[in-house]
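Remember, predicted model here, so these are calculated numbers, not experimental data.
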Amino acid sequence: MAWLLLIVAGLFEIVWAIGLKYTDGFTRPWTSAGTLAAMVVSVGLLGLAMKTLPVGTSYAVWVGVGAVGTAALGIVLFGEAASVGRLASLGLIVAGIVGLKLSTPG
């Protein structure tokens, strides 16, 4: 269950990271409120996952899921570069997340 909470926390991290782009410097009230709500949910779920999982693993997976998802959406939504080096680097992050999952009890 802790791993599921952690993955969902990472997904909410993607939501708030992308949401920051749409807040226009927090000048859009509804978008800003949604972004702030996603932040609270993300950190709250991370905290719940950390009750069972090691802090280093939890934080690394949370950041990794958020980084990969945000970078992927940056490519899709904002036309950011999708170079071989960038995609390979994202693949390495995914490999690290999988490695942490396989080497962490819980």
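Side chains of Leu77 and Tyr22 form a contact here, defined as non-hydrogen atoms less than 4.5 Å apart. Leu87 places a side-chain heavy atom less than 4.5 Å from the side chain of Ile75. Annotation: side chain of Thr57 is in contact with side chain of Trp3 (closest heavy-atom distance under 4.5 Å). Counting only heavy atoms from C-beta outward, the side chains of Leu11 and Ile14 approach each other to under 4.5 Å. With a 4.5 Å cut-off on side-chain heavy atoms, Ile93 and Ile97 count as touching.
A donor-acceptor contact under 3.5 angstrom links the side chains of Ser42 and Trp62, judged on distance only.
Put simply, the residue from Val41, Val43, Leu36 that forms a side chain to side chain contact (heavy atoms under 4.5 Å, CB included) with Met39 is Leu36.
Under the 4.5 Å side-chain heavy-atom criterion for ILVMFWY residues, a single connected hydrophobic cluster contains both Leu90 and Leu100.
Distance CE/Met50 to CG/Leu5: 12.5 Å, rounded to 0.5 Å. Note: Leu6 CG to Leu45 CG = 9.5 Å, rounded to the nearest 0.5 Å. To the nearest 0.5 Å, atoms CG (Leu48) and OG (Ser58) are separated by 11.0 Å. Rounding to the nearest 0.5 angstrom, the gap separating the CZ atom in Arg28 from the OG1 atom in Thr35 is 10.5 Å.
When the side chain to side chain contact (heavy atoms under 4.5 Å, CB included) test is applied to Ser32, the partners found at least two apart in sequence or on another chain are Thr23, Phe26.
Thr27 places a side-chain N or O within donor-acceptor distance of the main-chain N or O of Asp24, the cut-off being under 3.5 Å.
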